[in-house]
Amino acid sequence: MYGTGLAKGLMLTLRHFIDSFVDDLRYGLRKYSHSTDNFGLRQGTEAKGVITVQYPDEKVAVPERFRFVPFLIVEDEDHPTRSGKDWCTSCGICAKVCPPQCIWIVRGNDPNTGRPVPEPEAFFIDIDICMNCGYCAEYCPFDAIKMDHDYELASYDRTSHHIHDKEKLSKPASYWRSIAPTRAYEEMLVRGTWEHKDAAKEARRGSASPRASSRAQETQAEAAPAAVATAAAEAPAPPAAAPAEGATPWSEDDAKREERRRKALERKAKRAARSGG
Amino acid sequence: MVSPALAPDDVVNALSIEDSIAYLKSKHPDAVADDEREGYSGVLVQASKLVEVARAIRDDLGFDYLSSATAVDYLGAGDHMEMVYHAYRTSGGGALVFKAQTEREDPEIPSLVRVWRGADFQEREAWDLYGIKFPGHPNLRRILMWEGFHGHPMRKDWREAYYEEEQKPFDNRWPGGHAHRSEEKNVFGKNVTYPPDIDLNRLMDTSESEVYASLGLGVDVERILDKDGFETNELVVNMGPHHPSTHGVFRMVLTVDGETVTSLEPVMGYLHRNHEKIGERNTYLHNIPFTDRLDYISSMGNNHGYVLAVEQLMSLGRKYNPPTYRCEAIRVMMVELSRIVNHLWAIGFWLNDIGAFFTPVLYFIQERERILDFFEAVAGSRMMCNYMRFGGLFGDLPERIKSVSNLTNDRIRDYNTMQFLTEMVNERIPRTIDELEQLLTQNEILLERSIGVGILSGDDAINYSAAGPLLRGSGVAYDVRRADPYSIYPELDFDVAVEQDGDMYARYRVRVTELRESVRILKQILPRLEATEGESIWADGKPGAYAPRVPFGEAYGRVENGKGELGYYVVSAGGRGGSSNPWRYHVRAPSFINLTPMGLMSSGYKVADIVGILGSIDIVLGETDR
Ligand code: SF4
Ligand code: SF4
C-alpha cells in the first residue's frame, strides 16, 4: 500500500525518540558521575538512544594515542641528577620529518670548544602550521618529543601566542607517563630503562670516561650525541646566571638572541660541572 | 605474439599487456616505441599519431576505460613535457600505459577527448597546471586556477608565493632554526604577480554579463535574456560557490528553461592548494599525512593508495620487505571501515540534499562516531589518521581502547579492542544498515525523488571515466578490488555491487550493498586478526626509516576508495641510492573526474534534482580541488 514505506520509517524515528528517553531515565543522575562504568556504557555497544556528550560540562577523554600539538619532555624536578634537563639532544630528526616544516631548533654549541652539545638551545613549534601528524614523536630516537592530549589551545591572538618556545613546550616526563601510561611503559621496555637513553648509557659506562671512544665518535657528533655529552662534561664550568627567556623569542633581535644563547650555554656548563664533579 | 594480419575484432579483450604493446608496435611501427627508461613501463607514442593510436587502444585492444591522464615536467631530466595515460579494460586486468612527449616551450599534444570523454577535465587540468595545449579539446580553459593567474604552477620552474626551497627538509630549520612566520617576511599582496596581458580592472566588473564572460563559459547572459528580440524564460542560474547543497565550496552554472535545466557547467578550484606541488616539495614520508586531507572522510583509503604506489617503487630496489600478513589484514580492515563511514556519510548527506533533513544522517553518523573512536584509539586521530607507512603501519592495534582523564570534566572509557571490534562488526554496524534500509529503501518519497533521475548510461559512464558507485550504478561491474586486486582482497569473499538503472536510486542501492559487503569482509578479517595475534606489522620487526630512499622509476597505485578509483602516479627521479622526494606526485581524484559527466547527467531535470544528482555522485572538495 502506498505510504507503508514511509510509515515504517517514521516508526523508526519514534523508536529512536523513545530509546533516547529510556536511556536517559536509566542513567538518571548517574550520568553526571565521572565513573568509567556509566560513561563507557552510555557510549558503549549496549547503548540504544541518541546520546550527546555535553561539552564542556563533560568531555570524552582522549585515548592514549591521541595526538595534538607536541611537547618536549624534560626531566622531573625531583630527579636526583638530571632535574630539569631536556631529553632532547637536538639531533634534528623531528625537524626533518615534520611535513609542514614547523619545527625550528637551535642546536647548542659548547662556548669553549665550539662543538655541538646534545641539548637544544632554542626550540620552536609553530602550532598554526603543525598538522598534528605525530611524526616528530614517532621518529624521535630519544623519546624526547611527545604528542599532547590537551586540545583546548584557543587564544585571542594568533600572531603572538602560536609559536611555542622551549619554555612553553617543556613538560615533565612524569606528565607523559600520566597521560599515556601504556605507551610510556612500552617505550621504557624498548629503551630498557625509565631513564633517558644517554643517562642510562653513561651510567653503564661508569665513572672512567673512555676518551678514545669519544674521539672516534666525534666525527659523527650528529648521529651520536652521547659522545658530545661526554665532551661537554669535561669542559671547565664558568659561573652561571639565572635562566631567563624572552617573551617572544622569535621576534627578538640578534643581541638578545646572543644573550639568550650565552645564558643557555652557561646553564648547561653548570649542569655539566655538577654531574661531572 | 600477434601478427598484424589479425582482424581487430579477434584481438579485442584477449591480449595480455605485452601482446597488446606488440600489437600496437606492429600496427604503428614508426609511432610507438617501448619506454625504455629504467623503472618505467608502457609505450611512448609520437604526439602526432596519438589520437590514432589511442583509438586502436580503445577499439582494437578493448582498453575502454581511461583511468588517468596527467602531465610530468622533466625539466633538467630530458627537458620535455610528457602526458602519461593509464587505460584499463572494464573487464579487469592491468594498465596499458602510454605516453606522449612534447617540448617544454609551447607544449602541444592532441586532445583525446574524442576518444575518451574522461580526458576532458584531466586535460584541462594539465593545461592549467602545466601549460600544455590540447588542440581538438572543445573547451580548453583553466579549471583549478582562475583565468588571469600568472603562469602554470606545476611546472618545475614555477615558484609559489611562500617559496622557501626546492625540497624539504628546509635547511634553516636545524641546526640554526630561529623561527619566523613566513607571512611577516613575505607580505601578502606584495608576493603576487599578474600576467602582462591581464586587465586588473576586469576583475572588478559589476555587470552580470561581464562576470559570465570572464568565466568563459560560453554563456551569453544578454542573448538569453533577449532571445530573438523578445524576452524568454531561459535564465542563467548560479549555484554556489557558497551554497549548502554543494558539499563544500563548489559552483554550478546552470541555464534553465523554466524549471528545466538545459545545461550545466561545474566550476571548481575554490579549495585548490596545489596539493601536488606541495607533494613534490615533500619527502615521500611527508606526503602521507597530506593524503589524509584529500578525501577527508576516508583518510585510511587515501593512505593506502599512496603507500601502495610508493611500495611499488620501493620494490624495484634491493632493500624492500613487503608488509606482513597482519599488516595487510589491518590495512584492509581500516579501509573497509572507512568505506562504511564514507557510504553512511554519502547517503546521509544525499538525503539532506533531497529533503530528508538531518534526521537520517544523524542516525548514521552515530555509528560513524564509533568507528572514528576506534580510529582515534589506533591511529591517534579521528579523521586525519596518517596511519599507514611504507611497508607497515604506524602501530599495531592497541590491546585496549583506553583513555586517561587529563582535562577538567574528562570522562574516561576503557574497552577491550577485539571485543569492541567484534561487537561493532557483528552487531552495531549491521543494525545501523538495517535501520537505514528500514528508513529509506521503501520510502515512497525517496523512490519518487530518485528513480529515473540523473540517469547515466553504462557506456557513458565508462567513456566519461566515472568511477565507484557512479560507475557501478550504471551497470558496469568494475571494482578495483576485483578488477585489479591488491593487498589481501583476492582471498576475501565478497561481491561487487552493481545496479543496472543508472539513476540516483541505483547509486543508493549500490552503496547499501557495498555497506553489507564491507561488513562481510570485516567478518572475515576478525579471525585473521586473531590468528596473526603477536605477529609484527613490520617484515623485519622494526619500523621503517624516516627518510626512505626510493629507486628510479614510475608507479601507479590505485585503490577502490569509497568515492571511486583513487590513484596515485608517483615518479622517482632516483639518482644514486634513490631519491628522497618524489619528482612527480599526481592524484587521480575520483571526486574530480566523476564531475566530468555532471553536465550530461543533469540536463533535462529540474533545478531541485541537480542538488540530489550532485549528492548522489558523492564528491568531497578536498579531493576535487586538491
Ligand atoms: S628528534 Fe627528538 S632528540 Fe632529536 S631534536 Fe627532535 S626532539 Fe630532540
Ligand atoms: S606533529 Fe607533525 S606537523 Fe606537528 S610538529 Fe610534529 S611533525 Fe611537525
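So you know, we letter chains A, B, ... as the sequences are listed, proteins then strands, and number each from 1. Being a predicted model, the structure only gives us computed values, none of them experimental.
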Looking at every non-hydrogen atom in both residues, tell me the closest pair between [X] and [Y] and how far apart they are.
X: P289(B); Y: Y135(A); answer: CD-OH, 3.3 Å
X: E444(B); Y: L6(A); answer: OE1-N, 3.0 Å
X: V62(A); Y: S403(B); answer: O-CB, 3.0 Å
X: Q438(B); Y: K8(A); answer: NE2-O, 3.4 Å

Taking atom [atom1] of [X] and atom [atom2] of [Y], what is their separation to the nearest 0.5 Å?
X: T13(A); Y: L439(B); atom1: OG1; atom2: CG; result: 5.5 Å
X: S381(B); Y: M131(A); atom1: OG; atom2: CE; result: 10.5 Å
X: C94(A); Y: Y546(B); atom1: SG; atom2: OH; result: 10.5 Å

Test E435(B) against R15(A) for salt bridge (Lys or Arg N to Asp or Glu O under 4.0 Å), laying out the working first.
-> CA-CA 11 Å; E435(B) 281 188 355; R15(A) 213 182 66 222; 3.4 Å; yes
Atom group of D126(A) that falls short of 4.5 Å from chain B, counting heavy atoms |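 Interface part for D126(A): side chain.
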Tell me, side chain or backbone of E152(A) under 4.5 Å from chain B's heavy atoms, or both, or neither?
->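 Side chain only.
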Heavy-atom distance under 4.5 Å between the side chains of [X] and [Y], does that happen here?
X: T4(A); Y: Q442(B); answer: no
X: Q101(A); Y: P169(B); answer: yes
X: M384(B); Y: N132(A); answer: no
X: R389(B); Y: E138(A); answer: yes
X: H162(A); Y: R181(B); answer: no

As an exercise: rank [options] by heavy-atom pairs under 4.5 Å with chain A and give me the winner.
options: I278(B), N287(B), T441(B), I288(B); answer: I288(B)
options: V404(B), L285(B), L447(B); answer: L285(B)
options: I445(B), D292(B), L440(B), D396(B); answer: D396(B)

Between [X] (side chain) and [Y] (backbone), is there a donor-acceptor pair under 3.5 Å?
X: K168(B); Y: P99(A); value: yes
X: N386(B); Y: C133(A); value: yes
X: Y363(B); Y: H16(A); value: no
X: H286(B); Y: P100(A); value: no
X: R65(A); Y: V378(B); value: yes
X: W174(B); Y: I103(A); value: no

Chain A heavy atoms under 4.5 Å from [X]: which part of the residue, side chain, backbone, both or neither?
X: N172(B); answer: both
X: R293(B); answer: side chain
X: E448(B); answer: side chain
X: P398(B); answer: both
X: T283(B); answer: neither
X: A545(B); answer: backbone

If the plane angle is over 60° it's perpendicular, under 30° parallel, otherwise tilted; pick one for F124(A) and H178(B).
->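 If you compare the ring of F124(A) with that of H178(B), the planes turn out tilted.
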Looking at A180(A), P56(A), G3(A), which makes the most heavy-atom pairs under 4.5 Å with chain B?
->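 Most heavy-atom pairs under 4.5 Å with chain B: G3(A).
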Would you mind telling me which of F66(A), Y55(A), F123(A) has the largest number of heavy-atom pairs within less than 4.5 Å of chain B?
->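 Among F66(A), Y55(A), F123(A), the one with the most close pairs to chain B is F66(A).
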Would you find more than 12 non-hydrogen atoms of other residues, nucleotides or ligands less than 6.0 Å from Y162(B) atom OH?
->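 Above 12, so yes.
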Y185(A) OH: over 12 foreign heavy atoms closer than 6.0 Å |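 Atom OH in Y185(A) is not packed in, count stays at 12 or less.
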